[in-house]
Amino acid sequence: MAELEVAVLRHVHEGEGGGDSAEVALAQQVDHLAVIGAVKSLESAEMITAEGYKKTEVELTADAKIYAESGSPEAHVYSQIPAEGISIPDLQKAIGGKQLPKDTASLGQRQAMAQKWVSIDRATKLLVRQVDSIEDTVQQQLQRVAAGKASELSEAEVKNLTKRKLLAVRTWTAYRLARGPKFALERKKQHTDLTVEMLRDGTWEKADFKAYNYAALCPQPLGGYLHPLLKVRSQFRKIFMQMGFEEMPTNAWLENSFWNFDSLFQPQQHPARDAHDTFFLTTPATTSMEKLPQDYVQVVRNTHERGIDGSRGYESYWKTSEAAKNLLRTHTTAVSARMLYRLAKICRDGTGEFQPAKYFSIDRVFRNEAIDRTHLAEFHQVEGVVCDRGLTLGNLIGMLREFFKRMGMPELRFKPAYNPYTEPSMEIFGYSNELGKWMELGNSGMFRPEMLRPMGFPEDVNVIAWGLSLERPTMILNKMNNIRDLFGHKVSLAAVGDNPVCRLGFQGHVVPPVAT
């Protein structure tokens, strides 16, 4: 590269301040692309200026190189015709015996007849000569091109040879060169850093420093891309943190039925506890009930069988063997139950005053469901829980409006619903700007007293909670129609790398239509 740069600088100098990159490539007998690299380097150093222009050249095709040495196709045909004439099959056989392109005979016959060198005798059907001698101008033209004198050909000659596929026209970009503001015959290396040695000996005063290019783009990273789910999860975490929530530890995917179902006042006969809805473990199949707080287990048993004040329970026998079964948790509410039990310890022990709390979790849960474009056997649940005195359904609605407004969905609707461990319960609907319609967002409700009183909370303490999936909003934001393209073995790694930045709550809000 250094030698080419010197050659370019000398070319510009000898050309009285001007030059051409094509001439440099020809003089140095190198590829023009290598010269362009040197030109761009010198231009960035402001030693020269370069102006691109289109340059058109013609070159011989593979067949044309053969004809330039041996003669044109029509000349070959003329030379093979004797005085008495020759049949077309014999002509093709005679020319075919030479090392010429296979279509030489047919092309030559057509051109020779067009120039009236030969003709077909109607009586004998033989090719016969019409002139005594010929001048092979096509061969002469091809030889001039081979010698680098294509400029001597007329426009009509170039057009004719190109039409006959004897010339190939090539258009490429060359550069007109001129002196730049820092032109010199020798390029001095520019310094990129100011060193201690320069400051010490004073050489920095005369040193030539390379200018910073603040518009330069940084290299594209080759790895470390975040999955779309992680991006949306990060946004959910920020929303919860901004609202003063504390994240719950959710690293234990394995749970027992007691915390997953029984502590939530979910009956042991509920369909969700069947094997066709839940993944039960075979090894270890059960948890030792002795590891659980025995006094709490007994209160939960009594609540299921006989209820508490104002409730009759389920009036059915509560089986310890059913509560001991191990499973893959079906919801993160099992973690919420553990956290609430820990929070109520102060109230149970009488060691202090009740302290309100706000918890959230975002983690994986498992359901034994049929897999299709909208359902997987494992997905991520987003859950928020607020525990305080005197909470009402109005507090839940207000919290939901604030939470989803920060997500960019301020328009909400609610519909009564049923959940085993919340009463009242509501389904949440929101207006999606991306879809342009109302959509179901999640579920919500107030935890039942049958769940909270056994933990030890006072009667005036209530808990409001809501949950939604992480996959559905991620699919909407990324315009996906199949959940298997988002999560699982079919996910495209290229799509993960090309995934855009996620910022919830920054979309322009569109007022939903009002039904009349």
Could you tell me whether the side chains of [X] and [Y] share a donor-acceptor contact shorter than 3.5 Å?
{"X": "Thr173", "Y": "Lys54", "result": "yes"}
{"X": "Glu471", "Y": "His380", "result": "yes"}
{"X": "Glu383", "Y": "Thr332", "result": "yes"}
{"X": "Thr203", "Y": "Asp201", "result": "yes"}
{"X": "Gln268", "Y": "Asp262", "result": "yes"}
{"X": "Ser21", "Y": "His32", "result": "yes"}
{"X": "Glu322", "Y": "Ser257", "result": "no"}
{"X": "Thr333", "Y": "Ser336", "result": "no"}
{"X": "Arg301", "Y": "Thr320", "result": "yes"}
{"X": "Asn302", "Y": "Trp318", "result": "no"}

Taking the side chain as every heavy atom from C-beta outward, state whether [X] and [Y] have any atom pair closer than 4.5 Å.
{"X": "Met243", "Y": "Arg406", "value": "yes"}
{"X": "Pro420", "Y": "Tyr418", "value": "yes"}
{"X": "Ser432", "Y": "Lys437", "value": "no"}
{"X": "Met399", "Y": "Val386", "value": "yes"}
{"X": "Val300", "Y": "Phe258", "value": "yes"}
{"X": "Arg448", "Y": "Thr422", "value": "no"}

Contact summary for [X] and [Y], nearest pair of heavy atoms:
{"X": "Leu177", "Y": "Ala50", "result": "CD2-CB, 4.0 Å"}
{"X": "Phe447", "Y": "Ala465", "result": "CZ-CB, 3.8 Å"}
{"X": "Thr61", "Y": "Lys165", "result": "OG1-O, 3.1 Å"}
{"X": "Met407", "Y": "Ile239", "result": "CG-CD1, 3.7 Å"}
{"X": "Thr250", "Y": "Ser361", "result": "CG2-CB, 3.5 Å"}
{"X": "Asn443", "Y": "Ala417", "result": "OD1-CB, 4.2 Å"}

Step through the shown structure and confirm whether more than 12 heavy atoms of other residues, nucleotides or ligands are within 6.0 Å of [atom1] on [X].
{"X": "Tyr53", "atom1": "OH", "answer": "yes"}
{"X": "Asp309", "atom1": "CG", "answer": "no"}
{"X": "Arg342", "atom1": "CZ", "answer": "no"}

As an exercise, state the distance from [atom1] of [X] to [atom2] of [Y], rounded to the nearest 0.5 Å.
{"X": "Glu423", "Y": "Ser311", "atom1": "CD", "atom2": "OG", "answer": "11.5 Å"}
{"X": "Trp253", "Y": "Leu328", "atom1": "CH2", "atom2": "CG", "answer": "9.0 Å"}
{"X": "Leu470", "Y": "Phe379", "atom1": "CG", "atom2": "CZ", "answer": "11.0 Å"}
{"X": "Ile476", "Y": "Leu441", "atom1": "CD1", "atom2": "CG", "answer": "8.0 Å"}
{"X": "Ile464", "Y": "Leu396", "atom1": "CD1", "atom2": "CG", "answer": "5.0 Å"}
{"X": "Glu411", "Y": "Arg413", "atom1": "CD", "atom2": "CZ", "answer": "8.5 Å"}

Keeping the roles fixed (side chain from [X], backbone from [Y]), state whether a donor-acceptor pair exists under 3.5 Å.
{"X": "His227", "Y": "Leu486", "answer": "yes"}
{"X": "Arg453", "Y": "Glu459", "answer": "yes"}
{"X": "Arg179", "Y": "Leu9", "answer": "no"}
{"X": "His331", "Y": "Asn260", "answer": "yes"}
{"X": "Asn256", "Y": "Asn326", "answer": "no"}
{"X": "Gln294", "Y": "Leu292", "answer": "yes"}
{"X": "Lys345", "Y": "Met455", "answer": "no"}
{"X": "His191", "Y": "Asp193", "answer": "no"}
{"X": "Ser41", "Y": "Gly37", "answer": "no"}
{"X": "Ser469", "Y": "Gln381", "answer": "no"}

Looking at the rings of [X] and [Y], which for Trp means the six-membered one, are their centres under 6.0 Å apart?
{"X": "Tyr314", "Y": "Phe265", "answer": "yes"}
{"X": "Phe209", "Y": "Trp204", "answer": "no"}
{"X": "Phe429", "Y": "Trp438", "answer": "no"}

**Item:** Carboxylate-amine/guanidinium proximity below 4.0 Å for Asp388 and Lys358
**Value:** no

**Asked** Hey, are Glu255 and Arg338 close enough for a salt bridge, meaning a charged N less than 4.0 Å from a carboxylate O?
**Response** yes

**Item:** Full working for salt bridge (Lys or Arg N to Asp or Glu O under 4.0 Å) between Glu315 and Arg306
**Value:** CA-CA 6 Å; Glu315 298 182 334; Arg306 296 185 294 273; over 6 Å; no

**Request:** Start with the C-alpha gap between Tyr359 and Phe245, add the side-chain angles, then the distance that decides, and say whether ring-ring contact (aromatic ring centres under 6.0 Å, His included) holds.
**Result:** CA-CA 5 Å; Tyr359 299 125; Phe245 281 72; 8.7 Å; no

**Item:** side-chain contact (heavy atoms from CB on, under 4.5 Å) between Tyr317 and Lys319, intermediate numbers included
**Value:** CA-CA 6 Å; Tyr317 179 68; Lys319 299 179 181 178; 3.8 Å; yes

**Message:** If the test is ring pair (Phe, Tyr, Trp, His ring centres under 6.0 Å), which one of Phe403, Phe360, Phe414 qualifies with Trp466?
**Reply:** Phe403

